[in-house]
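Please read these numbers as outputs of a predicted model, since none were measured by experiment. Reminder, nothing fancy here: chain letters follow the sequence lines and each chain counts from 1.
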Amino acid sequence: MELTSLAPELLQREKKERDFSLPPLPFAEKGKVITRFPPEPNGYLHIGHAKAAIIDYEYARMYDGKFILRFDDTNPENAHLDFYDAQKEDLHWLGVEWDTEYHTSDHLEMHYKLAEQLIKQRDAYLCKCTSEMIRAGRFNGKACDCREDRTGEEALDLWNDMLANPEVGGIFRLHGEMESDNTAMRDPTLFRVIEAKHPLTGDKYHVWPTYDFAGAVEDSISGVTHPFRTKEYELRDAVYFRILSLLNLRIPHLMEFSRLSIEGMPVSKRKIKPLIEQGLVTGFDDVRLPTLRGLKRRGIVPEAIKQFVLQQGFSKVESVVNFSLVESVNRKYLDSKVKRYYFVPDPVQLSVEDAPKKTVKLSLHPDGTMGERTIHTSSTFFIPKEDAQKMKIGDILRLKGLYNVKIVKTGDTLTGAFAGDELIPETFKIQWTTNDYIPLKIIVPGFIFKDEAYNPDSLHELQGYVEKAILGIPFGEIVQFERVGFVRLEKQKNDLVGIFAHK
RNA sequence: GCUCCCGUAGUGUAGCGGCCAAUCAUGAAGCCCUCUCGAGGCUUCGACUCGGGUUCAAAUCCCGACGGGAGCACCA
């Protein structure tokens, strides 16, 4: 073809590399974007939180802006002291760093002032109805008498009583639109009495703002320009905007994205808690759980989570992602960074007649950049049962990195004969250990949920021998056992245990 | 039930009127490479939910149906 000589570059098919940057943000100016991640300190962070935190953080970086960590601790019954720090640890591990940090509970006095303003404007009232009555009223779109009777001056007195004395009770409602199609607008609750002791403010306050109020006010006042939340809040947007406009506060550019869910891995506490209570999982850091702690133990690295999240992008499409997507990203990340060792699952003894005593240095990584470990061999080896069973008398196998062995006897144990050092092309190469091995258990996590129910078959074990050199590496490190997979090494009650990440 | 959101290969994603006989990843199958069944390279498989309309032109805009999800808390 003429083209081949005339313009060879046209024949080169260009491979478009997709960049995993987030789409541009509407109304965003360099240096002026402020985002926020607002967890409630009521549990450990999971992959869903990671999505939100990473998007918030990445957008702030993309626009040289600012990223705020705000603890939305406005319900003292849920907030627990331990989780403030636990969540910060999780974020640090993820590699998400914030510029400012505060608690919504720091700002209650301000919230009270704004509440007072709403009352004075007659945009809110105090409701004394029972929750059943309120629910029915909202369902039918009918206002209760409180809406007219406990408003203005009347409401201000009640409000002050409520602040002074929890016994007074009542709830503070927005004067919204009881007839609205959007049920969120039917006079939502903005403040209510909760007497539980708050982890930070103790019993100083007993009137607490709801999410609708606190979220909107905090976003606005803290200067957030682009707050993101998940789709299930979409109907509450109207409430958000209404509150801010009544209060004459700046209205941020609010956006929603879909929740991230992974097939076979429940994210909600509602589903995880029973598993813990029934002892079906070890805790929130169980290796089968998509909590950041679980993922970490399983050998999923933060860089992979980040790339995975960015690959998912920012959309409202509900999706149930397959965990293989996470594994794939993780594997590619680990491949160049992790040391190689030999682990022999289900070991079978192989005795080699006339075995030359050798001292070999095996590279810790195929690219040769990570040094090597030294192994002294004798005539006794162990190889995986799965491979041993395939051997027939006369077959030649290659002890990977060592030498060839010709099988002379099969059975419960194998006998072979030394068959030369040179690598014979096409020989079956298998990993091995000498009799100077260490027994190792590898935990293999599976999907904890199957068809929406607990999967009792979700945890497997692999017993085997590992070469002694493994003792040189620190707990917590991830290695690749050749021909087996990537495994994170962990200390459990003085024992070394492996946790299987993926192939 | 009412309201809102969403609908591109098995899964996830790009595209958002002509460059689309639709991108990339994942997955599966095969080949090459490699002293790993990993990584890398190559090939193949596989999708615009359906029906109307607007337009010279629709995956892209409009309407409807169907399917999925969410909300209807004194929880975030």
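Comparing B:C74, B:G12, B:C35 by their nearest atom to the side chain of A:L325 picks out B:G12. Among the nucleotides B:G38, B:C75, B:A76, the one closest to the side chain of A:F486 is B:G38. The listed nucleotides are B:U36, B:C74, B:C72; the one nearest the side chain of A:Q480 is B:U36. When each of B:C72, B:C75, B:U11 is scored by its nearest atom to the side-chain atoms of A:N322, the top-ranked nucleotide is B:U11. With B:C75, B:G12, B:U8 as the candidates, the nucleotide lying closest to the side chain of A:V317 is B:U8.
Atom pair A:L397:CG and B:U36:P shows a separation of 15 Å (rounding to whole Å applied). Distance A:F428 CZ to B:C35 P: 17 Å, rounded to the nearest Å. Put simply, OH on A:Y205 is 20 Å from C1' on B:C74, counting in whole angstrom units. Summarising the geometry, the separation between CD1 on A:I47 and P on B:G12 is reported as 15 Å, rounded to the nearest angstrom. One interatomic measurement links the two molecules: CE of A:M185 to C1' of B:G71, which rounds to 15 Å at whole-angstrom precision. Remark: P of B:G71 and CZ of A:R186 are 16 Å apart, rounded to the nearest angstrom. Put simply, CD on A:E232 is 14 Å from C1' on B:C6, counting in whole angstrom units. The distance between atom CD of A:E327 and atom P of B:G27, rounded to the nearest whole Å, is 9 Å.
A donor-acceptor pair under 3.5 Å is formed between the side chain of A:T291 and the backbone N or O of A:F284. In terms of modelled atom types and a separation under 3.5 Å, the side chain of A:N160 and the main chain of A:L156 share a donor-acceptor contact. A donor-acceptor distance shorter than 3.5 angstrom exists from the side chain of A:N330 to the backbone of A:V301, with no hydrogens or angles considered. Here the side chain of A:T35 pairs no donor or acceptor atom with the backbone of A:H226 at under 3.5 angstrom.
No close placement of the A:Y233 and A:Y240 rings is indicated, their centers lying 6.0 Å or farther apart. The six-membered or imidazole ring of A:F343 lies away from that of A:Y465, with a centre-to-centre distance of 6.0 Å or more. In summary, the aromatic rings of A:H111 and A:F213 are positioned with their centroids under 6.0 Å apart. Between A:Y102 and A:H107, the ring centre distance stays below 6.0 Å.
As rounded to the nearest Å, B:A70 and B:G12 have P atoms that lie 15 Å from one another. Using C1' as the reference atom, B:C66 and B:C24 are 30 Å apart when rounded to the nearest Å. Spacing between B:A57 and B:C16 at atom C1', rounded to whole Å, works out to 15 Å. Taking atom P in both B:U11 and B:G27, one finds a spacing of 15 Å when rounded to whole Å. Taking the P atoms as reference points, B:G38 lies 34 Å from B:C20, given to the whole Å. Rounded to a whole angstrom, the distance from the P atom of B:U23 to that of B:C63 is 29 Å. B:C19 and B:A29: their P atoms are spaced 35 Å apart (whole Å). Between the P atoms of B:U43 and B:C4, the separation comes to 48 Å (whole Å).
Taking the six-membered ring where tryptophan is involved, the planes of A:F228 and A:F257 are tilted, since the angle between them lies from 30° to 60°.
A:N182 and A:S180 form no side-chain donor-acceptor contact under 3.5 Å, judged by distance and modelled atom types alone.
One N or O donor and one acceptor, one from the side chain of A:Y233 and one from the base of B:A76, sit under 3.5 Å apart. No N or O donor and acceptor, one from the side chain of A:R138 and one from the base of B:C72, sit under 3.5 Å apart.
A salt bridge links A:D237 to A:R229: at least one charged side-chain nitrogen sits closer than 4.0 Å to a carboxylate oxygen. Electrostatic pairing of A:D395 and A:K390 does not count as a salt bridge here, judged by no charged N lying under 4.0 Å from a carboxylate O. Salt-bridge annotation for A:K400 and A:E482: present, with a side-chain N of the basic residue lying under 4.0 Å from a carboxylate O of the acidic one.
Considering only side-chain N and O atoms, A:R331 lies under 4.0 angstrom from the phosphate OP1 or OP2 of B:A39.
Listed by first and then second residue, the salt bridge (Lys or Arg N to Asp or Glu O under 4.0 Å) pairs involving residues 333-348 of chain A are A:D335-A:R340, A:K339-A:E477 (not counting sequence neighbours). Among residues at least two apart or in separate chains, salt bridge (Lys or Arg N to Asp or Glu O under 4.0 Å) pairs with a member in residues 312-329 of chain A are A:K231-A:E318, A:E234-A:K316.
Each of A:R398 and A:P38 lies near RNA chain B, and the nucleotide nearest A:R398 is the one positioned closer to the 5' end. When each of A:Q431 and A:N75 is assigned the nucleotide of RNA chain B with its nearest heavy atom, A:Q431 is the one assigned upstream, toward the 5' end.
Base-pair partner of B:C33: not found among the strands shown (Watson-Crick or G-U wobble, both distances under 3.5 Å). Pairing for B:A25 goes to B:U11, judged as Watson-Crick or G-U wobble with the two contacts each under 3.5 Å. Across every strand in view, B:A73 sits unpaired, with no contact that passes the Watson-Crick or G-U test at under 3.5 angstrom. With a cut-off of 3.5 Å on both pairing distances, the Watson-Crick or G-U wobble partner of B:G67 is B:C6. Across all strands shown, nothing is found opposite B:C19 as a Watson-Crick or G-U wobble partner with both distances under 3.5 Å. Across the strands present, B:G38 finds no partner; the criterion is a Watson-Crick or G-U wobble pair with both atom distances under 3.5 angstrom. With a 3.5 Å ceiling on both atom-pair distances, B:A59 lacks any Watson-Crick or G-U wobble partner.
Here A:T74 lies in heavy-atom contact (under 4.0 Å) with sugar-phosphate atoms only. Within the 4.0 angstrom heavy-atom criterion, base atoms lie near A:G401. Within 4.0 Å of A:V320, counting heavy atoms only, lie sugar-phosphate atoms of the nucleic acid but no base atom. Contacts of A:S319 with the nucleic acid, taken as non-hydrogen atoms under 4.0 Å apart, involve only primed sugar atoms and P, OP1 or OP2. Residue A:D387 is classed as a base contact, given a heavy-atom separation below 4.0 Å to a base.
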Sort me out a list of protein N/O and nucleotides 1-5 of chain B N/O pairs below 3.5 Å, or just none if empty.
unit_1	atom_1	unit_2	atom_2	d
B:C5	O4'	A:E234	OE1	3.4
B:C5	O2'	A:K231	NZ	3.3

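The stretch residues 252-266 of chain A does not touch RNA chain B, since none of its heavy atoms comes less than 4.0 Å from the strand. Of all the residues in residues 359-370 of chain A, A:P366 reach under 4.0 Å from RNA chain B with at least one non-hydrogen atom.
Considering only residues two or more places apart in sequence or on other chains, A:D73 meets the salt bridge (Lys or Arg N to Asp or Glu O under 4.0 Å) condition with none of them.
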